[in-house]
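Let me begin by presenting the structure, written as structure tokens, before commenting on it.
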Amino acid sequence: MIEAIVCIAMAIGTFFVVLGAVGLIRLPDVYSRLHATTKSSTLGLAGMLIASAVLFGAQGYNVGPELLTILFVFLTNPVGGHMIARSAYLIGIPLSELSVMDAMQRAGEHADQAHDQQ
Amino acid sequence: MIETVAQVCLIALGLSMLPAIYRIVQGPSVADRVIATDALVTAIMAIVILVSLTRNTREYMEAVMAMAILGFFGTVALAKYLVKGRAID
Amino acid sequence: MWGLVVASLLPFVGAALLPFLSKSRGDNCGWIASGFIVASFAAVAISTPAVLHQPGAIAFEWVPSLGLQFSIAADGLSLAFAFLITGVGSIVFTFAAAYLGPEENRRRFFCYLLIFAGAMLGVVFAANLISMFVFWELTSVSSFLLIGFWHERDASRGGALKALVITAGGGLAMLVGFILIGSIVGSYEIADIMAAREQIAAHRWATAAAMLIMLGAITKSAQFPFHSWLPSAMEAPTPVSAYLHAATMVKAGLYLVARMGPVLSLIPIWTPTLTVLGIVTMTWGSFLALRQTDLKALLAFSTISQLGLIMAMFAQNTASAATAGVFHMLNHGLFKGALFLMVGVIEHEAHTRDLTKLASLRSNMPRLFAVLVLASLSMAGIPPMGGFISKELFLEEVLQMPWPLTVIAVLGACLTVGYCLVLAIGLGLTHQDEAERKHAHDAPTALLWGPAVLVFGALLLGLVPTFLAGGLIESAAAAAIGGHVPHPHLTMFHLSPTLIVSVAAISAGAAVFRFGWMRRTPDAPKLVADRVYEAWLTGLEHNAQRLTASYMSGLLWRYVTIIVCVGIISMSALAVFVGFDASAPWGARPAQTFEYVVALIPIAAAIGAVVAPTRLAAILALGASGFSLALLFSLVGAPDLALTQIMVETVSVALFLSAFVHLPAYRKLKPRKFQPLYAAVSIAFGVGVTALLHHARGQRVGGTIADYFVENSVEKAGGHNIVNVILVDFRGLDTLGEISVLGIAALTCYALIKLRPERKRP
Amino acid sequence: MIARSVILTTCARIAYPVLLLFAVALYWRGHNAPGGGFIAGLLTAAAIALRFIAHGRRDRSGASAPFITAIGVGLAIALTTAFGSLAFGHAFFTHTFGHFHLPLIGDVELATAALFDLGVYIVVVGNVITVVSAMTDREPGED
């Protein structure tokens with residue numbers, strides 16, 4: 001039973017990490033690739049860690065480190081992704097032509113308009 | 001059972017590092033390279049976890065934890081560097 | 001014996017305590033220093049009778065593994081020198097205490113002088129070649145400090161440098177000679193060396209060792225090819241010239257020749273070379289002395305010639321020659337010291353040392369003039385002074401030499417008489433243009449009694465030599481030839497052919513003086529040896545600067561290329577000479593399939609770093625290769641290493657970025673065309689390193705050191721993490737070194753950045 | 001442009017204590033498990049650098065003064081442990097270890113090697129931060 005859970009968790013984990021890697025190539029511009037790596041890799045890692053937690057938990061080890069790592073990954077990866085996206089936009093890396101709307105720009109205009117009106 | 005699945009996953013993870021390297025070398029902008037490095041680090045962490053699973057040792061947990069916490073250090077530093085021209089002001 | 005140990009240690013103790021003992025302005029440190037040297041003289045005097053009839057030795061372990069000991073041994077020879085060092089030393093110290101003006105830095109002066117005295121005693125009492133060498137170099141260093149005492153003057157700095165370069169160079173050659181002999185005999189103790197004389201003489205290195213040691217002696221005693229440093233050492237204050245460059249230091253070479261005489265004279269080349277050198281130096285020195293106008297230079301050249309004489313005597317290694325050598329050495333120490341001190345007085349009073357400008361001494365410095373005449377008579381070898389007897393002994397020896405040497409020696413003797421008369425009578429006569437000459441009042445008694453005592457000693461040696469120093473001379477001569485010496489009978493009155501020769505020499509000398517031949521060339525041409533020395537020195541500096549400029553081009557990549565190329569050359573040299581064995585198995589264990597892919601990643605990342613268009617891309621690619629390396633570490637089972645690698649990668653990103661603040665920020669590096677040279681160099685280096693590692697794996701002899709650590713890690717150090725235990729416990733010293741390097745690196749970096757010249761950052 | 005991102009500062013405020021705790025833990029168990037002074041030092045340095053990145057350095061002048069003294073203090077600790085063994089009559093640099101019962105923590109095994117490791121730890125932290133702060137100090141009158 002334990003083995004089954006570990007295998008499933010491992011498989012899911014690997015699947016998402018590989019998915020992230022594939023996204024890295026296939027997606028057109030920085031911002032979309034960003035989603036792939038941060039989101040799916042984090043999920044993939046979580047899967048891995050759960051597998052390890054289950055396996056070692058069953059053997060009676062203290063699984064604190066695994067859970068702590070999951071927490072860390074969930075804390076840091078999104079922040080990293082956010083910072084990169086923000087700075088990419090600020091230094092003006094162009095969106096790919098496929099993108100439909102540039103939300104940041106319109107929000108920026110609103111902010112400027114609100115600013116002018118005061 | 002675990003052994004075989006782990007082997008397959010390891011090969012898959014190994015292969016998944018290649019696109020990251022491709023993006024690092026090729027990546028049009030620095031931001032791509034940063035993301036690719038992040039992806040690479042995550043893949044490395046996954047492999048280390050799997051290896052420690054197959055070898056049934058818990059020694060590598062420190063390394064994995066460290067990578068988890070500090071993986072984003074480089075990203076954040078570079079992000080700030082790109083915008084501000086200096087990472088620590 | 002312990003008296004001598006105390007005697008040789010006293011000056012060092014004095015030098016150490018001087019700053020604390022002397023009053024704030026240090027004006028009484030002269031007397032304190034003289035106290036120490038006089039005490040040391042007393043210690044030598046007290047222990048002389050005990051040592052004379054049974055010379056002993058005391059050894060202190062210094063470096064037992066190398067067989068080096070600080071051993072003190074004393075016999076007649078070393079005692080004769082010790083008397084000279086401490087006796088003349090006491091007088092020079094007291095003279096200097098009165099002579100040095102208030103503005104001089106007296107504390108420093110007497111400190112150096114005490115160190116020198118201690119070092120000289122060390123040389124003389126050393127019974128181990130290496131400890132003798134240590135003190136030998138200490139004398140060179142203290143002489144450098146003393147010559148350059150008035151360091152604000154270029155001349156004294158130049159003189160000090162020249163003295164050091166020549167004497168230290170000779171000292172180095174001598175050290176090589178000592179090591180050769182030490183390796184032949186197997187020990188550095190002089191006693192063992194004396195015992196193994198035949199073995200040394202027969203050995204194939206014998207000639208080389210003899211020549212090297214001779215080089216050390218002739219440079220120190222300013223013999224013919226290396227005499228140029230002594231005249232330029234006259235820039236030192238006069239007491240220093242009197243003490244170092246007349247009485248003691250230049251005699252260290254003579255001591256070496258005398259001490260090593262019994263051993264080295266068996267080597268065929270030793271005696272003839274030294275004799276010829278000695279005689280030639282004697283004549284050439286006296287010839288040059290005649291032509292000087294500066295009193296001190298005249299005395300300097302006369303010292304060179306007298307040393308040549310004594311060197312020739314010690315080189316014969318016969319009983320009579322050794323006696324003559326020792327006796328003349330004592331005489332020379334006394335009268336030359338007196339003469340130098342008197343020149344100091346003259347300069348002190350009349351503010352000039354130039355013969356032509358000095359008014360006749362007879363009228364304004366009568367007492368000093370009397371002492372001066374006595375001293376020059378002794379130097380010229382005219383009765384009743386001691387110099388006469390030692391001149392007689394010298395002439396006896398010279399007559400037995402092959403005739404060309406005899407002729408040169410007699411010529412030298414006659415020239416010596418010439419310049420002594422110049423000194424004595426030339427100064428004393430009244431000259432026509434008396435008026436504008438410098439008139440000086442008579443020397444104060446405080447400065448006069450020193451030279452008077454020395455000259456009185458020389459007179460005593462002349463009148464009652466056997467009584468005063470008979471025993472000392474006999475035992476010294478015996479030590480000098482390593483055999484037995486019949487009791488020397490030194491009498492003033494004896495009739496022998498040498499008497500006729502010396503009378504002839506004196507009259508010829510008087511003629512030379514009377515008719516003023518070869519005398520007084522105001523602008524004495526620079527010595528040939530000086531010109532050679534200066535040319536050599538400037539050439540050396542010039543080429544050194546050119547060489548450094550050639551590879552220090554300021555370009556970083558050039559430095560790296562040089563380093564890498566040197567690496568490649570050494571590795572290929574290793575492969576050629578030691579041979580490359582590829583027997584070691586390639587992998588520690590069979591690799592799993594995914595590891596092949598994982599192994600590719602760092603390679604790809606490294607290539608990425610090379611072709612990266614911008615700096616940022618380069619450091620990211622480097623980061624990637626670093627992390628994949630950490631993965632490899634974990635695969636082969638090294639969690640500590642992986643952890644460290646991860647940390648290092650993270651911190652280096654921070655460091656790179658903070659460094660980039662100072663580099664032009666985000667500029668694209670100019671697209672560099674493919675540089676075949678650098679590619680080749682780096683590939684060669686990479687291949688070289690891998691081959692080296694692989695070769696090293698093949699060289700494993702016996703178990704790896706890991707077994708030791710595995711066994712002892714837990715009980716000995718109480719730690720299960722062997723890597724950390726090694727780092728902190730077993731190899732703690734290395735870590736201590738590493739963290740101090742880390743600290744220093746950080747401080748230097750901080751200093752460099754903070755002290756940058758404030759140029760506007762681009 | 002917002003100079004500083006709020007998300008980053010909050011995340012840094014959370015991560016900073018965790019990192020420090022992790023570093024001290026790594027240091028403390030260094031003797032028996034992977035870890036040690038060097039790694040902990042680097043980790044603390046990274047934590048401080050992260051704090052610099054997120055919050056910027058508070059005071060300009062003398063920012064690196066405490067870290068320079070840290071190098072000195074670290075070296076001093078290392079040297080005292082090295083020479084300490086002389087005081088007890090052993091050869092230079094011999095470490096001892098023993099089991100002590102500390103009131104609060106219970107039975108624990110203390111080793112002088114850990115003290116030496118502490119010296120290493122402090123030097124490493126001092127080193128990295130001195131260099132980083134030296135390089136990123138703003139010359140007066142700069143933007």
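By convention in this document, chain letters (A, B, ...) are assigned in the order of the sequence lines, proteins followed by strands, and residues within each chain are numbered from 1.
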So does A:R26 have more than 12 non-hydrogen atoms from other groups sitting under 6.0 Å from CZ? no

Pick one of side chain, backbone, both or neither for B:L50, based on which atoms fall under 4.5 Å of a heavy atom in chain A. side chain

Which heavy atom in B:N56 sits nearest to a heavy atom in A:Q59, and how many Å separate them? OD1-OE1, 3.2 Å

Where A:A21 and B:S16 come nearest, the two heavy atoms and their spacing: CB-O, 3.3 Å

Taking B:R58 for its side chain and A:N62 for its backbone only, find out whether a donor-acceptor pair lies under 3.5 Å. yes

For chain B, which candidate among A:L45, A:T42, A:V73, A:V17 shows the most heavy-atom pairs at distances under 4.5 Å? A:L45

Distance from A:T38 atom OG1 to B:I35 atom CD1, nearest 0.5 Å? 7.5 Å

Please tell me if the side chains of A:L49 and B:I49 come closer than 4.5 Å, counting only heavy atoms from C-beta onward. yes

Among A:V30, A:I93, A:L24, A:D29, find the residue that satisfies the side-chain contact (heavy atoms from CB on, under 4.5 Å) test when tested with B:D32. A:V30

NZ on B:K84 to CD1 on A:I91, rounded to 0.5 Å: 15.0 Å

Between chain A and each of B:A6, B:P28, B:A43, count heavy-atom pairs under 4.5 Å; write down the option with the most. B:A6

For a quick test of reading the model, state the closest non-hydrogen atom pair linking A:G80 to B:T75 and the distance between them. O-CG2, 3.9 Å

With only heavy atoms counted, which part of A:L68 is less than 4.5 Å from chain B, the side chain, the backbone, both or neither? side chain

Could you tell me which non-hydrogen atom of A:S87 sits nearest to which non-hydrogen atom of B:A79, and how far apart they are? CB-O, 3.5 Å

Atom pair CG (B:L82) and CE (A:M83), whose distance is rounded to the nearest 0.5 Å: 10.0 Å

Turns out that what part of B:T54 lies under 4.5 Å from chain A's heavy atoms comes down to neither

With a 4.5 Å heavy-atom cut-off, do B:D38 and A:T37 have their side chains touching? no

Choice from B:L15, B:L78, B:I69, B:L70 maximising heavy atom contacts with chain A below 4.5 Å: B:I69

Student check: side-chain heavy atoms of A:M48 and B:L13 closer than 4.5 Å: yes

Minimum heavy-atom distance between B:A31 and A:I84, given as atom pair plus value: CB-CG2, 4.4 Å

Options B:L10, B:V5, B:V76, B:I2, ranked by heavy-atom pairs under 4.5 Å with chain A, top entry: B:I2

Contact part of B:V34 toward chain A, heavy-atom cut-off under 4.5 Å: side chain, backbone, both or neither? side chain

A:V63, part contacting chain B, at a heavy-atom distance under 4.5 Å: backbone

Side chain / backbone / both / neither for B:M1 at chain A, heavy atoms under 4.5 Å: both

What heavy-atom pair brings B:S52 and A:F56 nearest, and what distance separates the two atoms? O-CZ, 3.8 Å

